[in-house]
Protein chains: 2
Amino acid sequence: MATIYSIAEHCGVSPSTVSRAFSRPDLVRAEVRAKILATAQELGYQPNRNARGLARGTTGAIGLTVPDITNPFFPPLVRAVENLAWHQSQSVLLVDTGEDLDRERQALLRLREQVDGIVMVSPRAASNVLRDALAGTRGVLINRASRLLPHVIVDDAPAIDVALGRLAELGHERVAYLGGPADSWMNSRRRSLLHATAPEHGLEIHDTGSYPATPEGGRAAVAALLDSRATAAVAFDDVMASGVLVELAARGVSVPSELSVLGCDDVILSSMLNPALSSIASAPAKLAAAALAALVDTELAVGLTAIPSSFVERISTGPRP
Amino acid sequence: MATIYSIAEHCGVSPSTVSRAFSRPDLVRAEVRAKILATAQELGYQPNRNARGLARGTTGAIGLTVPDITNPFFPPLVRAVENLAWHQSQSVLLVDTGEDLDRERQALLRLREQVDGIVMVSPRAASNVLRDALAGTRGVLINRASRLLPHVIVDDAPAIDVALGRLAELGHERVAYLGGPADSWMNSRRRSLLHATAPEHGLEIHDTGSYPATPEGGRAAVAALLDSRATAAVAFDDVMASGVLVELAARGVSVPSELSVLGCDDVILSSMLNPALSSIASAPAKLAAAALAALVDTELAVGLTAIPSSFVERISTGPRP
DNA sequence: GTGAAAGCGCTAACAG
DNA sequence: CTGTTAGCGCTTTCAC
């Protein structure tokens, strides 16, 4: 394997010069540098990251923890993080915590030794636990406020405002909120935004309770939804909403003519459903970019970056029956 | 930060003893070991992986490249790989190549320096390019045969046999195959399996051509499908099939009463669709396990591990109209 | 500009 | 069983 030594020998210079040619090119005479880079190329040299990391105290990698990559909300986020990291020559260490708080903590302990910073999606863990597990390693929370850690969240306010406005325009008066997991930060957030925004549009919000953020959760919520006499429903996320659509179809309730349904997150899935789901869209690429920025920007010691969401109207929403 | 030196000092032993206490516990007297482990715990010691990697020539990480993690086929696979790796104290470096062959090659060059082995999902790249980029680093291909690299593929034969048998039983005679990307290995494989298996069930396969493996690809395939006068259609994958369902609904063709539709891969999505999609299921967890095993098992120098698939019948398939 | 030398934290012979 | 001694490949003063 090519090392700076083999290159040095090849070029008749010292290893330090080769090292400089890569890390501080300006400190090396142009022709020497050119020669070094050329033979590096030729020998297929790739710096050994362990060695570099050991010497520099840095790793060239960032950690990314998600609760369940199988949830369609995450892949676009992971993809965006990976992409951005790639372009800054960083690698991404991914860990799927399986919604297991203890495993999540373990993962942070393990990751913090091998990365320069960690992006965490953790809707449930107590943030002091996270802070302690990080032990000084830079960490950024996604979609979760915290007084202890920098965080980046999608701000659903604008989209919720638009969505409710649109529902009002369509003649709806009573809107049900099909809640997600009670301990999820985004769930509380969405619920309170709905309640806060509804009056401005002359709408009434009816809470149907908390359900798992799964298709089954959505199906289970339908009974309460039908009882509520609401003419439109907002589900905690699109995955739940998919279950709602399935269950409504099974019960012969047609969407949107008898009932309007909207989801949140606008995952890829939403446009594949039948009827295509109207949704409150987060912007995963922006979330990722903000998170990565916050990982570096120490100004933002414990700050918040908010990414505005938008409302995507498809065909699961229509006029009040 | 705690190191083996601080622990050694703390315990009045030499650094090497501390090192052994972790890597070769049997070589250290029990009480000494206990003391070391205790103070390690107390000091919050975590071995520095760069140092360890440098000294051992090993990294404790494996690479995983996927073409597009946003495709629902991949998250369960990624999850399974990550999970298994976790339990063997390995980390996973993920890279999403964005279906870009050149970027994929770059990624391998970069990864090979920082991992002990690479699991690649690469339906298109020439396998000699992959082999060269690996430059000796152990690499395993998923869902793609190769004479140059060890590989693990799902063997669709059993499930296709069952599925076609079932279609025959339901009275179908003419089945359309809605092909995926022409250069995808799995696409050719599925097509030939269908053609090979159909006669045994008295079925005729009609190829409708190649389409992108996207919902739009599926929608686009519908025209040819309807022209084909087939009464059942197998799509290259579930994502395409979702588009087929959408387009059929738009055209007022009802599934399964007028046309049966099946997908491949059985991604999570499939059960959320309306009607729920019958699908030829790969077993991502088994794929992952086999791939990881193949990464270690040098016996399997350039071998093949086949994972049998199964047929999941939902409600998009029914009797011939 | 460039080289020599020390060291990042850990492992792995090699002696005892 | 345990300590001593070299490195692993790269970065980084400090001289020249």
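Chain A is the first sequence line, chain B the second, and so forth, proteins listed ahead of strands; every chain is numbered from 1.
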#### Entry: Given DNA chain D, 5'-ward residue of the pair B/Ala51 and B/Asp26, judged by closest heavy atom
B/Asp26
### Query
Is there a donor-acceptor pair under 3.5 Å between the side chain of A/Arg49 and the backbone N or O of A/Ala61?
no
#### Entry: Side-chain donor or acceptor of A/Asp237 paired with backbone N/O of A/Val239 under 3.5 Å
yes
### Task
Identify whether any heavy atom of B/Ser16 sits under 4.0 Å from a base atom; if not, whether one sits that close to sugar-phosphate; answer base, sugar-phosphate or nothing.
base
### Query
When all nucleic acid strands are considered with a 4.0 Å heavy-atom cut-off, which category describes B/Phe22: base, sugar-phosphate, or nothing?
nothing
#### Entry: A/Thr59 (side chain) donor-acceptor with A/Gln114 (main chain) under 3.5 angstrom
yes
### Query
Touch check for B/Pro47, heavy atoms < 4.0 angstrom, all strands: base, sugar-phosphate only, or nothing?
sugar-phosphate
### Message
What is the first contacted nucleotide of DNA chain D and what is the last, in 5' to 3' order, if contact means an atom lying under 4.0 angstrom from a heavy atom of chain B?
### Response
D/dC1 to D/dG9
### Task
Give the first and the last nucleotide of DNA chain C, reading 5' to 3', that has any atom under 4.0 Å from a heavy atom of chain A.
C/dG1 to C/dG9
### Task
May I ask you to say what A/Thr17 touches in the nucleic acid, namely base, sugar-phosphate or nothing, with a heavy-atom cut-off under 4.0 Å?
sugar-phosphate
### Query
Going by atom types alone, do B/Arg147 and B/Asn128 pair a side-chain donor with an acceptor below 3.5 Å?
no
### Lys/Arg N to Asp/Glu carboxylate O, A/Arg189 vs A/Asp155, below 4.0 Å
yes
## Note on the structure
Of A/Leu27 and A/Tyr5, the one whose closest nucleotide on DNA chain C sits nearer the 5' end is A/Leu27
### Task
Look at the side chain of B/Ser184 and the backbone N and O of B/Pro123, then say whether any donor-acceptor pair between them is shorter than 3.5 Å.
no
### Query
So, A/Arg124 and A/Glu104, do they make that salt bridge, N to O below 4.0 Å?
no
### Query
Using a cut-off of 4.0 Å on non-hydrogen atoms, how would the nucleic acid contact of B/Val18 be classed: base, sugar-phosphate, or nothing?
nothing
### Message
Donor-acceptor check, side chain of B/Thr17 to backbone of B/Val13, threshold 3.5 angstrom: yes or no?
### Response
no
